[in-house]
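Report on the following structure.
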Amino acid sequence: MPELKDIATQIRRDIVRMVHACQSGHPGGSLGCADFFTALYFKIMKHDPAFNMDGKGEDLFFLSNGHISPVFYATLARAGYFPVQELSTFRKLNSRLQGHPATHEHLPGIRVASGSLGQGMSVAIGAALAKKLNNDDRLVYSLHGDGELDEGQNWEAMMFAAHHKVDNLIATVDWNGQQIDGPTYQVMSLGDIRQKFEAFGWVTLQANGNDMDELIATMNEAKALTGQGKPIGIMMHSVMGKGVDFMEGHHEWHGIAPNDEQLKKALEQLPETLGDY
Amino acid sequence: MLKEIQVSGQKDTRSGFGDGIYELGKKNPNVVALTADLAGSMKLNAFIKDFPDRFIQCGIAEANMIGIAAGLTIGGKIPFTTTFANFSTGRVYDQIRQSVAYSGKNVKICASHAGLTLGEDGATHQILEDIGMMKMLPGMTVIVPCDYNQTKAATIAIAELNGPVYLRFGRPVWPIFTAADQKFEIGKAQVFSEGTDVSIFACGHMVWKAIEAGIILEEKGLSVEVINIHTIKPLDEEAILKSIRKTKCAVTVEEHNIIGGLGDAVAQVAAKHFPVPFEYIGTKDTFGESGKPLELLKKYGLDTPDIVAAAEKVIKRK
């Protein structure tokens, strides 16, 4: 298997090309989370690209902040869920790769639609409860934006997960400090997210979301904490736009596509490692 | 003749739901019941007592409950969410839309205290728009059973359907006039009387009111067809067309806004295939208010005499 960092670089390359090709989509958060997705699908989770919706005996992943679909799709394709060539159809008519993830077109790897924010943690909890009812000891992972935590449903879900001891769930917050209208501290102050999770009864860890070794070590630590009566939260500090210097740390790159010149500049920083689609 | 219909007792339809889900609990190990702090009102006590591991208390957090239900289907569970109709639909419309309907999840949204007959709690709780909201969602089945027995049978039947369902019932004690041993057929209209002068299509509690009105009309020498459209979606277009081709006029009766409910659904079929004069019984684009169920039906024009008058009017319009 190729090195994880090479996979992440190719996924970043895929993201930028996908968003450029349709001149829409969300590159910023996608680039920031490329290392997380790579770690999850190529190291941490037990999963089967043959894809079965119920996923019995497998670890499951739910993407709550569905707008970072480019990184989800690129990862699934690179992991063998569907042909990488299909990435070229992203956001185009008659594609299975909808703007936001959907089950409607039966794209392998997607288990619920997301995009309208704040719903993914509830769904992940439901799937985790189903695993308990089925005596299935595999885990459920989820990813949430920090801006997405503005949605109240997350806090309903957090309260529920602690109360019902959903200890087979590892929810990660992409704490990049950016949302559409600006930095999170300007749009809606989140305070100390980690302390809030702790106050809601979760065990929390933190990691640099753009340091592969640290990320994997933290996720393994999280795995070791499962089954002890508490849900687990990972506060992942990532940089929006990571890997493309002119996008890094800028909320403006939340949801705009690079032009031809910007694409060229971006790809110069992201060498082709696994072969382009 | 409608007057031959026997009333076997009086019970609330929500108790039919509670008894139905208890039966399901015994025979289907995948059935899971969820509630948002309304287990007692939703008559889940027997289910909780015998199947505590398959009962999930969500607290007063309906949005989270809908999401959890969607997640439970991943792994083969058949979740039944339970709360009042207002909190089952309007409060959580986007959660149902994205996590359940668009995602094609096998969630059963079971809603009590629908409509005016909720009574004294007033308009904040008397949702009159839920049928419309739910029927507009692609892939959603919408069922409004008419009495205790039918609600119990419908509850059991929807577990066999693979897909999202909205099941609407209510709070008041109401006549029981359908068979205890009925097999509920989703999407199949139930004909209570055949007639040639007027078709009366009703759903939910209002089926009994339609029968009462039909008896009065029969006593006046009219030939009345009373049809229970317990499944608003998918709609039994064949039964509707067969009836209106014969009677050449229609009255629809529902405990719901006339905008967006049963009446709209039936009229759309008629408009497309066989236009006939129509009269609508339902709330007229208004909110409800506090009062006793039967007082409210009278004030808002949903009582038996209102249906009789609508039938006589529509017959004259032929």
Side-chain angles (χ1 to χ4, degrees), chain A residues 51-58 60-62 64 66 98 100-107 110-136 138 140 142 151-166 168-169, chain B residues 25 28-37 51-81 83 87 91-109 137-140 162-164:
Chain A
F51 189 63
N52 172 283
M53 178 56 84
D54 280 348
K56 287 181 184 166
E58 291 181 62
L60 306 181
F61 170 70
F62 293 93
S64 190
Q98 291 293 298
H100 294 81
T103 58
H104 198 254
E105 289 75 23
H106 307 289
L107 185 69
I110 311 292
R111 289 192 163 88
V112 74
S114 60
S116 175
L117 294 171
Q119 300 185 26
M121 195 183 295
S122 305
V123 177
I125 290 168
L129 292 175
K131 287 216 174 287
K132 283 178 178 276
L133 286 165
N134 289 335
N135 297 313
D136 178 344
R138 301 310 306 189
V140 175
S142 60
E151 293 282 5
Q153 187 180 343
N154 289 300
W155 305 94
E156 295 180 2
M158 270 181 243
M159 211 184 312
F160 178 103
H163 177 84
H164 286 281
K165 300 182 169 55
V166 185
N168 55 345
L169 170 69
Chain B
N28 190 333
N30 282 324
V31 167
V32 177
L34 300 91
T35 198
D37 198 27
F51 316 108
D53 296 343
R54 288 190 275 137
F55 166 68
I56 300 172
Q57 174 61 265
C58 297
I60 312 166
E62 295 82 8
N64 186 43
M65 175 170 73
I66 295 294
I68 287 173
L72 280 162
T73 66
I74 300 162
K77 301 297 142 194
I78 308 173
F80 283 63
T81 67
T83 182
F87 316 135
R91 190 174 180 101
V92 291
Y93 196 68
D94 187 49
Q95 284 77 14
I96 295 174
R97 182 175 181 275
Q98 174 172 284
S99 293
V100 176
Y102 183 44
S103 294
K105 299 303 183 199
N106 191 21
V107 174
K108 315 304 174 189
I109 299 158
L137 289 170
M140 182 68 75
N162 186 16

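To find a chain, count down the sequence lines: A is the first, B the second, and so on, and within it residues start at 1.
- Atom CZ of A:Arg111 and atom NZ of B:Lys105 lie 8.5 Å apart (nearest 0.5 Å).
- Counted within 6.0 Å of CZ on B:Arg54, heavy atoms from surrounding residues, nucleotides or ligands total more than 12; the atom is thus considered enclosed.
- Atom-to-atom distance recorded for A:Leu129:CG and B:Ile56:CD1 is 5.0 Å, nearest 0.5 angstrom.
- Neither the backbone nor the side chain of B:Ala69 comes within contact range of chain A; no heavy atoms are under 4.5 Å apart.
- Looking at B:Val32, only its side chain comes within 4.5 Å of chain A, counting heavy atoms on both sides.
- Expressed to the nearest 0.5 Å, how far OH of B:Tyr102 lies from CD of A:Gln98 amounts to 4.5 Å.
- The local environment of CZ in B:Arg91 is sparse, with at most 12 non-hydrogen atoms from other residues, nucleotides or ligands closer than 6.0 Å.
- Here the closest heavy-atom approach between residue A:Ala130 and residue B:Gly75 is recorded as CB-CA, 4.4 Å.
- Annotation: the span from A:Gln153 atom CD to B:Ile66 atom CD1 amounts to 9.5 Å, rounded to 0.5 Å.
- With hydrogens and angles disregarded, a donor-acceptor distance shorter than 3.5 Å links the side chain of A:Thr103 to the backbone of B:Ser103.
- Of the atoms belonging to A:Glu105, it is side-chain heavy atoms, and not backbone ones, that fall under 4.5 Å from chain B.
- When heavy atoms are compared at a cutoff of 4.5 Å, A:Ile110 does not approach chain B at all.
- Below 4.5 Å, heavy atoms of chain B meet heavy atoms from A:Gly115, A:Ser116, A:Gln119, A:Ser122, all part of residues 115-122 of chain A.
- Residue A:Lys56 touches chain B through its side chain alone, counting heavy-atom pairs closer than 4.5 Å.
- Put simply, of B:Ala70, B:Gly76, B:Pro29, B:Gly139, the one with the most heavy-atom pairs under 4.5 Å next to chain A is B:Gly76.
- Counting heavy atoms from C-beta on, the side chains of B:Leu72 and A:Leu133 come closer than 4.5 Å.
- The two residues A:Val123 and B:Ser99 make their nearest non-hydrogen contact at CG2-OG, 3.8 Å.
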Scan the side chains in residues 155-166 of chain A for donor-acceptor partners under 3.5 Å anywhere in the protein, sequence neighbours excluded, and list what turns up.
{"from": "A:Trp155", "atom 1": "NE1", "to": "A:Leu149", "atom 2": "O", "distance (Å)": "2.8"}
{"from": "A:Glu156", "atom 1": "OE1", "to": "B:Asn64", "atom 2": "N", "distance (Å)": "3.0"}
{"from": "A:His164", "atom 1": "NE2", "to": "B:Gln57", "atom 2": "O", "distance (Å)": "2.6"}

